[in-house]
Amino acid sequence: MAVVELPAVRSKARARTPRDPGRTQAGILAAATQEFARYGLGGARVDRIAVRAQTNKRMLYYYFGNKELLFLAVLEAAYARIRAAETNLSLLDVEPAESIRRLIEFTWDYYLAHPEFLTLLNSENLHRARHLKRSREVRAMNSPVIETLAEVLARGKRQGEFRGSVDALQLYISIAALSYFYLGNNHTLSAVFGRNLASAGARRERLAHMTAVILGYLRPAKSARG
């Protein structure tokens with residue numbers, strides 16, 4: 001004889017099912033990242049984020065407060081991911097020139113693999129970094145990579161591989177900019193100059209060019225002449 005589960009029993013079983021706040025928040029962040037990257041802050045819709053995250057707006061507001069705070073959380077998570085990936089480069093475990101080469105290649109590959117990172121930054125720049133200025137997390141996240149790069153530069157100078165008086169922050173910005181501008185403006189650059197700058201060959205050429213430019217700049221003056 002089949003046993004029929006009474007409604008009250010089913011209700012208790014559901015009540016015992018544990019909730020997973022971490023998973024819910026991660027799902028909301030992932031959905032919000034896609035939404036903000038595609039539509040920007042102004043065009044993003046909380047309804048679409050909730051549907052994509054398989055939750056409801058009430059939970060979104062419960063965990064993140066409002067759309068602006070959710071956008072900040074997305075930005076912080078985006079920076080946390082790239083900084084965590086950078087720590088795996090082990091820049092202090094190899095020779096200085098190899099450290100710089102690794103950082104250039106990593107930055108290029110990361111931007112290629114995560115175009116949403118670039119579009120999120122574009123959106124925040126339209127708002128003059130209004131959200132990031134309120135962040136207690138982002139500045140602390142970004143300090144270690146600059147400190148590591150400064151140590152690489154100092155060691156390269158001691159070994160005679162690098163010139164002196166190179167500002168680590170300026171160098172990091174230059175490395176990021178060489179990738180960011182090319183990839184962020186790839187469609188317009190390709191149209192204006194009549195070349196497919198998104199082809200595999202063009203991308204290999206670009207990476208080689210960036211590496212040569214940065215390492216050439218770092219080389220001591222006597223080596224650059226020689």
Side-chain angles (χ1 to χ4, degrees), residues 22 25-26 28-30 32-33 36-37 41 63-65 68-159 161-184 207 210-211 213-219:
Q25 291 178 63
I28 293 171
L29 278 176
T33 297
F36 287 128
L41 175 60
Y63 285 119
F64 295 99
E68 297 259 344
L69 291 175
L70 177 58
F71 183 58
L72 173 56
V74 165
L75 290 170
E76 289 176 336
Y79 272 106
R81 285 192 293 273
I82 189 171
R83 297 300 169 247
E86 282 173 340
T87 62
N88 295 324
L89 294 175
S90 303
L91 297 180
L92 298 178
D93 295 337
V94 294
E95 291 301 308
E98 176 59 23
S99 296
I100 300 300
R101 190 174 288 107
R102 282 188 184 184
L103 183 58
I104 296 168
E105 292 178 357
F106 165 82
T107 304
W108 174 254
D109 290 339
Y110 193 91
Y111 289 176
L112 276 173
H114 300 278
E116 77 283 353
F117 183 64
L118 303 187
T119 54
L120 287 170
L121 296 189
N122 288 340
S123 182
E124 177 63 350
N125 273 292
L126 290 175
H127 296 278
R128 299 180 180 272
R130 182 177 80 226
H131 307 88
L132 288 176
K133 287 176 182 177
R134 299 161 57 188
S135 175
R136 299 177 180 178
E137 310 292 335
V138 170
R139 188 171 298 179
M141 283 181 214
N142 285 281
S143 296
V145 67
I146 303 304
E147 293 169 1
T148 299
L149 185 54
E151 190 170 342
V152 169
L153 292 171
R155 189 170 61 174
K157 180 184 176 182
R158 289 195 301 269
Q159 295 178 3
E161 292 185 47
F162 294 163
R163 56 185 290 190
S165 304
V166 177
D167 184 274
L169 176 58
Q170 290 289 356
L171 181 65
Y172 184 84
I173 291 172
S174 293
I175 291 171
L178 287 170
S179 295
Y180 188 103
F181 184 86
Y182 184 95
L183 296 174
L207 178 56
M210 293 189 302
T211 303
V213 166
I214 294 296
L215 290 177
Y217 164 73
L218 291 175
R219 202 172 294 128

Asks: Is any side-chain heavy atom of Leu29 closer than 4.5 Å to a side-chain heavy atom of Leu70?
Replies: yes

Asks: Roughly how far, to the nearest 0.5 Å, is the CZ atom of Arg134 from the CG atom of Leu72?
Replies: 6.5 Å

Asks: Please walk me through it: do Tyr79 and Leu121 pass side chain to side chain contact (heavy atoms under 4.5 Å, CB included)?
Replies: CA-CA 10 Å; Tyr79 272 106; Leu121 296 189; 3.3 Å; yes

Asks: Please list, chain by chain and in numerical order, all residues satisfying side-chain hydrogen bond (donor to acceptor under 3.5 Å, both in side chains) with Glu86, sequence neighbours excluded.
Replies: Arg83, Tyr172

Asks: Tell me if the OH atom of Tyr217 is crowded by more than 12 foreign heavy atoms within 6.0 Å.
Replies: yes

Asks: Looking at Arg130, I'd like to know if its CZ atom is crowded, meaning that more than 12 non-hydrogen atoms belonging to other residues, nucleotides or ligands lie closer than 6.0 Å.
Replies: yes

Asks: Write down the atom of Leu215, the atom of Ala97, and the distance for their closest heavy-atom approach.
Replies: CD2-O, 4.1 Å

Asks: Can you see whether Ser135 engages Glu76 through a side-chain donor-acceptor pair at a distance of less than 3.5 angstrom?
Replies: yes

Asks: Taking the side chain from Glu124 and the backbone from Leu132, do they hold a donor-acceptor pair closer than 3.5 Å?
Replies: yes

Asks: Using modelled atom types and a 3.5 Å cut-off, is there a donor and acceptor pairing between side-chain atoms of Ser123 and backbone atoms of Thr119?
Replies: no

Asks: As an exercise, state the distance from CH2 of Trp108 to CG of Leu207, rounded to the nearest 0.5 Å.
Replies: 7.0 Å

Asks: Below 4.0 angstrom, N of the basic side chain to O of the carboxylate: do Arg102 and Glu98 qualify?
Replies: yes

Asks: How about Leu171 and Ile100: do any of their side-chain heavy atoms sit closer than 4.5 Å?
Replies: yes

Asks: Classify the ring geometry between Phe106 and Tyr110 as parallel (under 30°), tilted (30 to 60°) or perpendicular (over 60°).
Replies: tilted

Asks: Find the distance between CG (Leu41) and CD (Glu68) and round it off to the nearest 0.5 Å.
Replies: 5.0 Å

Asks: Closest heavy-atom contact between Ser99 and Arg155?
Replies: OG-NH2, 4.2 Å

Asks: Which pair of non-hydrogen atoms, one from Glu95 and one from Glu161, has the smallest distance, and what is that distance?
Replies: OE1-OE2, 3.6 Å

Asks: If I take atom OG1 from residue Thr33 and atom NE2 from residue His114, how far apart are they, to the nearest 0.5 angstrom?
Replies: 11.5 Å

Asks: Could you go through the side chain to side chain contact (heavy atoms under 4.5 Å, CB included) check for Val74 and Glu116 one step at a time?
Replies: CA-CA 11 Å; Val74 165; Glu116 77 283 353; over 6 Å; no

Asks: Carefully, step by step, assess Asn122 and Tyr180 under the rule side chain to side chain contact (heavy atoms under 4.5 Å, CB included).
Replies: CA-CA 10 Å; Asn122 288 340; Tyr180 188 103; 2.3 Å; yes

Asks: Output, in order, the C-alpha distance, side-chain angles, deciding distance and verdict of side chain to side chain contact (heavy atoms under 4.5 Å, CB included) for Leu218 and Leu153.
Replies: CA-CA 9 Å; Leu218 291 175; Leu153 292 171; 3.8 Å; yes

Asks: How many angstroms lie between CD1 in Ile173 and CD1 in Ile146, if you round to the nearest 0.5 Å?
Replies: 7.5 Å

Asks: Could you pull out the closest heavy-atom pair between Leu149 and Ala168, with the gap in Å?
Replies: CD2-O, 3.4 Å

Asks: Determine the minimum heavy-atom distance between Leu120 and Phe36, stating which atoms define it.
Replies: CD2-CB, 3.7 Å

Asks: Could you grab the distance from atom CD1 of Ile82 to atom OG1 of Thr87, nearest 0.5 Å is fine?
Replies: 11.5 Å

Asks: Might you point out which heavy atoms bring Ser174 and Ile214 nearest each other, and give the distance in Å?
Replies: CB-CD1, 4.4 Å

